[in-house]
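The chains referred to below are lettered A, B, ... by the order of the sequence lines, with proteins before strands, and numbering in each begins at 1.
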Amino acid sequence: MKNLSKITGFASAFALAALPALAQDAEPALDTGDTAWMIVATALVGFMIFPGIALFYSGLVRAKSALSLLVQTALIACTVMICWVIYGYSFAFGGSESPFFGGFGKLFLSGVGVDSLSGTIPEYLFIAFQMTFAAITPALIIGGFAERIKLSGAVLFSVLWVTFVYFPIAHMAWDANGLFFNWGTMDFAGGTVVHINAGIAALVGAYVIGPRIGLGKDLMAPHSLPIAFIGASVLFIGWFGFNAGSALAANGTAVLAMINTFTATAGATVAWALIETLTRGKASALGCISGMIAGLVAVTPAAGFVGPVGAIFLGAIASLIAYFFVAVVKNKLGYDDSLDVFGIHGIAGIVGAVLTGVFAAPSLGGVGYAEGVGMGAQVFVQIKAVVITIVWGAVVSFILYKVTDVIVGLRVSADDERQGLDQTSHGESAYHQ
Amino acid sequence: MKNLSKITGFASAFALAALPALAQDAEPALDTGDTAWMIVATALVGFMIFPGIALFYSGLVRAKSALSLLVQTALIACTVMICWVIYGYSFAFGGSESPFFGGFGKLFLSGVGVDSLSGTIPEYLFIAFQMTFAAITPALIIGGFAERIKLSGAVLFSVLWVTFVYFPIAHMAWDANGLFFNWGTMDFAGGTVVHINAGIAALVGAYVIGPRIGLGKDLMAPHSLPIAFIGASVLFIGWFGFNAGSALAANGTAVLAMINTFTATAGATVAWALIETLTRGKASALGCISGMIAGLVAVTPAAGFVGPVGAIFLGAIASLIAYFFVAVVKNKLGYDDSLDVFGIHGIAGIVGAVLTGVFAAPSLGGVGYAEGVGMGAQVFVQIKAVVITIVWGAVVSFILYKVTDVIVGLRVSADDERQGLDQTSHGESAYHQ
Amino acid sequence: MKNLSKITGFASAFALAALPALAQDAEPALDTGDTAWMIVATALVGFMIFPGIALFYSGLVRAKSALSLLVQTALIACTVMICWVIYGYSFAFGGSESPFFGGFGKLFLSGVGVDSLSGTIPEYLFIAFQMTFAAITPALIIGGFAERIKLSGAVLFSVLWVTFVYFPIAHMAWDANGLFFNWGTMDFAGGTVVHINAGIAALVGAYVIGPRIGLGKDLMAPHSLPIAFIGASVLFIGWFGFNAGSALAANGTAVLAMINTFTATAGATVAWALIETLTRGKASALGCISGMIAGLVAVTPAAGFVGPVGAIFLGAIASLIAYFFVAVVKNKLGYDDSLDVFGIHGIAGIVGAVLTGVFAAPSLGGVGYAEGVGMGAQVFVQIKAVVITIVWGAVVSFILYKVTDVIVGLRVSADDERQGLDQTSHGESAYHQ
Amino acid sequence: MKLIIAAVKPFKLEEVREALTAIGVRGMMVTEIKGFGAQSGHTEIYRGAEYAVNFVPKVKLEIVVPDSLSDEVVDTILKAAKTDKIGDGKIFVLDVAQAVRVRTGEAGDDAL
Amino acid sequence: MKLIIAAVKPFKLEEVREALTAIGVRGMMVTEIKGFGAQSGHTEIYRGAEYAVNFVPKVKLEIVVPDSLSDEVVDTILKAAKTDKIGDGKIFVLDVAQAVRVRTGEAGDDAL
Amino acid sequence: MKLIIAAVKPFKLEEVREALTAIGVRGMMVTEIKGFGAQSGHTEIYRGAEYAVNFVPKVKLEIVVPDSLSDEVVDTILKAAKTDKIGDGKIFVLDVAQAVRVRTGEAGDDAL
Ligand SMILES: Nc1ncnc2c1ncn2[C@@H]1O[C@H](COP(=O)(O)OP(=O)(O)O)[C@@H](O)[C@H]1O
Ligand SMILES: Nc1ncnc2c1ncn2[C@@H]1O[C@H](COP(=O)(O)OP(=O)(O)O)[C@@H](O)[C@H]1O
Ligand SMILES: Nc1ncnc2c1ncn2[C@@H]1O[C@H](COP(=O)(O)OP(=O)(O)O)[C@@H](O)[C@H]1O
């Protein structure tokens, strides 16, 4: 039990349900407190999409494509929600015994009713909570090829990607029969499934689709940092649903995940500001929100496993490495991951996944490892899960981009790109002032 | 019980309170989980006003009137809140036996104390939750005559309107003695009371007050679609409080309402984008948020009664009809319901109310009807409630506009309108850049 | 018990935990409903910072310094969060018996674990909730010297200030051994600790740092009132976490605090709009949000003690006095408290603290006083706490400003100020359009 | 050729543009400006701080036309922009030494 | 008549406007522009991407005055806009063939 | 001296500025304008309401140079701004009677 409940947030729900201490009686019953919290947690993750990530991205691009990121985010998220209830939930949590695939048992949510429970909460709630995770992940990816992607291409790719990358990896990580799950990988709220996954897909996309016209020549500064700041802040607050919600209950673990989300983000934000101050004498607003996101990503797999002080360091380290990557490495490599999805979600995600294995150590204030597991062994399984995710994600994503390109095309014409996606793809202008 | 609890969200609270399964003991006691959720639900509906609807509307008007919508929303909502605690709650839920009027029993919330309960939650919480509904409804209406209304006129009309239209209809729909309530009309979260009601009042207002100067000649494009998008997203998230909160408890029904709110909105958003793509080759940002609102409105009466897959269709159908209305019909009729309150809230509200009677069928994944009631009969009472609401709303609203016009006037001078309400009514400019 | 639980929101948690009626058994146990609510309340106060106060302030300054307020808010809040877990919590709630200081007992949160409880919620949750209070307070202060402060100065001052002003006063007000606490001062959610404290520090700062170049000559109108409106609205909604959360449980007191937060804010907003209409014939958007904040501040100490109708008057009175102060008095005194932190938080905070002693009277719908205490006596201890806070805050803040000035300097160069902090301190522009 | 500069009220722009196209003007440059003149601005008050905004939003048109067309253009603008209220604007005429079309290199009247 | 075009520092606008009104100038057109000149711009860095912003914000004034007033206007602007720092701006004078007031149709100096 | 006014495509601004600096132009005034000409605008539809946007975003350059440099400047802009697509823009040349540098008071060519 204890051991299991340490392995992953989602697992703990099932685990806890059986603990007499927490359920009124032996057989699981609905707990109104847990249900209340999870309803809110689900709404908070929804908030990360509407308007969180949409604004964060929209503010960072040029005014002429400000709307395109909003439309892409909204349509991708909505389409994936529809896929989720039709087949996604089944593919991920359909009950099959395969370590890779959930099966067809719950297509159209068949068998689920108002009274079905999942641990101490209604199963519909677990479904809705998971749905928001599935919906936000492909929306994260589009930052990698902003301002030049075709709307139809973005949506089609997203559908293919969740089907062949996200649903299987979600099964591997969170289903009781899943591959990583049974390795004992610690991924509290989805560092591998969501962030590494999105980061790598964005990187591949940036390569396949190619850089924006005028990159390195034209001024491509964010058209509205205040809007990006609103987006980042909404992501910060929504992330409490993402991380603390992954305990699937209103318990001590959820609370630990919450305070860690605060402290890791604080550490990461301050770290980014400091490194900027040291290297160029100025701490920027974009730097603050970049550090903020880096910290949030890094603490995602660690949230329920490390201590509040350890989380500060975990966040700061991930932030510094991400800074180094986007400010130094990236410019050398010269690809155009326009909004640094890989540089921030990917890199901080990887650092966070690995460091989770480290800071979970009781000596560092963590909750410790499963019986008989040491730091070395834990770090190893963490890395194993990361590598599988990267390889699977990179290869399959590459294929899916090519497939999408053949079917509807990925990139708009040079003239359309120059004029801006808002007018050419959506027939509107963001501002009339 | 079962039967009653199916009839309406608000009813269920009282109903459930008595079910041994859900309350620790026979006599109702406060449930901290239900209370926790309802506190949040109330805050979420507040969020729909501040800043939800205010931003949604402000972003859609021209920059010279951007502030006027913010001020009108804030002052209308605040004034109605004051009316609510003084006499509104009593008029709607004052305990009288009349099917139309709650009476004077609870003026100034007399008799309510910290320990008074309403089902498993404090009565003050039920009062606050209901207060947010009363406050947002008149704020929805002002979109119908944006950019030309007098502030004093908007506020006075709102006070009269809640007094003579909203409070009575809220009593009819949600009070145990209410007219619709006893017909067995299914209106989970207020499709008739809030949305059809607001839509019809806006339509009448648009006719009475007349179109904006330069309509069809000047460019009246939204001055900031990103701001409108923020507003729409806040409405989306806040709507979980509106719909799932209408279960008045953290239970399976609340969760069903939540997942349906997601899927119906997803279906509606995608549907609007598709029809735009088919008819003009481009999916717009304004289209996405219009579809989003249409879906949210349509699922409001249905949230706790239909299934997640049925909700997708319900949302999509309402969205397409609303699209057809605002994009085709409206331009033929030539009135100026400036922000399409009728076209979206009114139309999608009517479609949603009727389809609730359809998709509630168990065969379509719904929770079913009250004993002895079939789809046909249910659809009939749905339509009856809609018709009464439209007639009552239209007639009384018309009179109240005329009254308001006599007392303080409804419309600003042509010069003031041309210069913009921000400077002429509020003495400010939205932006100094 | 009763008596104590009346004295302060935070106290009640400890109090209630022991009431058989509310806990399943004699010894305290975690309540999932209370925990669910307090997780959300904590997130809501976080929301007041990210992006609430940041946007509110950013929208009110000129475009050339729009980002500086965002960066200052983010870095101050994050830095203080780090201080909080390292020593702040210990200094405020470390368990020492001193009436002024919490001691070193809980440095690095030592002794706190996943299972530690504070009343019916995990202690980590109480820590996180309190952390958000500590983080927002110094962020409020910076509005007093916006557009001219050095980033390093702002951050250093904040660290010193929380250490020598906030932590001690938090201990005095909320710790069971605290000075005000044992006087029986009624401060439900932190009127003295947070708002009066911040207001006075801002006033002193405005004097020490001096007015902006061009004050009274150049146009210093808010660069984006819509952004300020978003900020104010987020503050409004987040404030439910602040006030209702201060009950530390999902109970009747929390709900009373919530409805009072609504009605007081409504009264205050309408009052400000009315006085503007009377004095200059126009109700402004800035006026609405100023009144809103004044009401929220005023009800903070009163939230759990007064009645919903009394709260309307409390809010309105505080709003009118704050209006008179910022619109009349301030311009006579000629200091530059740029965003009226003293004028609104300070003044409304003082009025609210005193009126709490008045409107708590049962005759005015309040919950009443501790046994043997009358209105006069209560008002007297209210004033005593206010005076101590003002004196302590003013003197210590003054010293800390001087210290900061010596170490890193407080003010940027005239040229940098004229060009704007965004470019000179952060190397960015808020907008590229 | 002549350069005709006109400052008019913003909401008159469309009318003026249409009138000019009608008489064969094929191009112009339009700029949003702050106008200062007999028409007074307005005051804005923010929390008691009063600001006099001395400028009024106007639109500036710059049109280069063959000498032959110059007077007609001026008259057309006069008619189209007129509201008989203060602040209607001004029209100025300057001589242009040369005009070239970038795309083709055509010079003189052909460039217009 | 003369058209006087001046590019000055934004924060000098009010001072210049007041000085000009004092000597009887009754109107002008003001435009926010991006200036390029000896005064260098600044660099902005966004996540490591460095952009040189070569333009400096300036305000352009366009004033039409009777020949008689021209020199005085130039001198007035010179005095009011001066900070002795690089980037203070330039003043250019052009001849104006004709001026008309839209509201009244008045032409020539009467139109100003 | 001559005032050279050019309306060009926004994304060409940097190229033109570099080309001009290369031939010794030391200053200019740049304004974002709405251009009207042969290049047609676009339509925007908002909830079924269709708006024809007749103007195309352009950038206006105003450069004062000594007569000697005038032709070279025109040619340089011609080359740098050309895309051979409709809407490339126009160049106009006007005479300038006087130029003064605010900071120093220098007049004539020295002011440029
Ligand atoms: N001498 C001038 N030079 C340049 N522009 C002027 C001049 N006089 C007026 N204008 C422009 O014309 C606009 C209208 O002029 P104004 O004096 O306000 O009203 P009217 O033209 O009716 O007398 C002003 O806002 C300004 O932009
Ligand atoms: N040759 C020119 N033509 C047009 N405008 C110019 C010219 N030279 C300078 N300007 C304008 O004058 C402003 C100030 O000129 P600059 O050379 O930077 O400083 P200074 O005038 O002190 O030498 C520039 O930003 C530009 O707007
Ligand atoms: N007669 C004119 N007067 C002033 N500006 C003009 C004139 N004709 C064109 N322009 C400017 O030049 C731009 C390009 O001209 P246009 O006719 O669209 O293309 P092209 O120059 O290739 O023929 C226009 O957008 C407008 O700003």
> Between F:E106, F:E62, F:E32, which residue shows the highest count of heavy-atom pairs closer than 4.5 Å to chain E?
Replying inline: F:E62
Closest contact, heavy atoms only, [X] versus [Y]:
X	Y	answer
F:R103	E:G87	NE-N, 4.4 Å
F:A111	E:K90	O-CE, 2.6 Å
F:L13	E:K34	CD2-NZ, 4.0 Å

>> Is F:R26 in contact with chain E via its backbone, its side chain, both, or neither, using a 4.5 Å heavy-atom distance?
In response: backbone
How far does [atom1] of [X] sit from [atom2] of [Y], to the nearest 0.5 angstrom?
X	Y	atom1	atom2	value
F:L61	E:F36	CG	CZ	10.5 Å
F:Q98	E:D95	CD	CG	11.5 Å
F:M29	E:F55	CE	CZ	12.5 Å
E:L94	F:K2	CG	NZ	10.5 Å
F:E14	E:N54	CD	CG	5.5 Å

> Are there residues of residues 63-84 of chain F that reach to under 4.5 Å of chain E by heavy atoms, and which ones?
Replying inline: F:V64
>> Report which part of E:I5 has an atom under 4.5 Å of a heavy atom belonging to chain F: side chain, backbone, both, or neither.
In response: side chain
> Are F:V96 and E:V93 close enough that some pair of their side-chain heavy atoms sits under 4.5 Å apart?
Replying inline: no
> Should E:I33 and F:V30 be marked as a side chain to side chain contact (heavy atoms under 4.5 Å, CB included) after you check the CA-CA gap, both sets of side-chain angles, and the distance that decides it?
Replying inline: CA-CA 6 Å; E:I33 61 162; F:V30 176; 6.0 Å; no
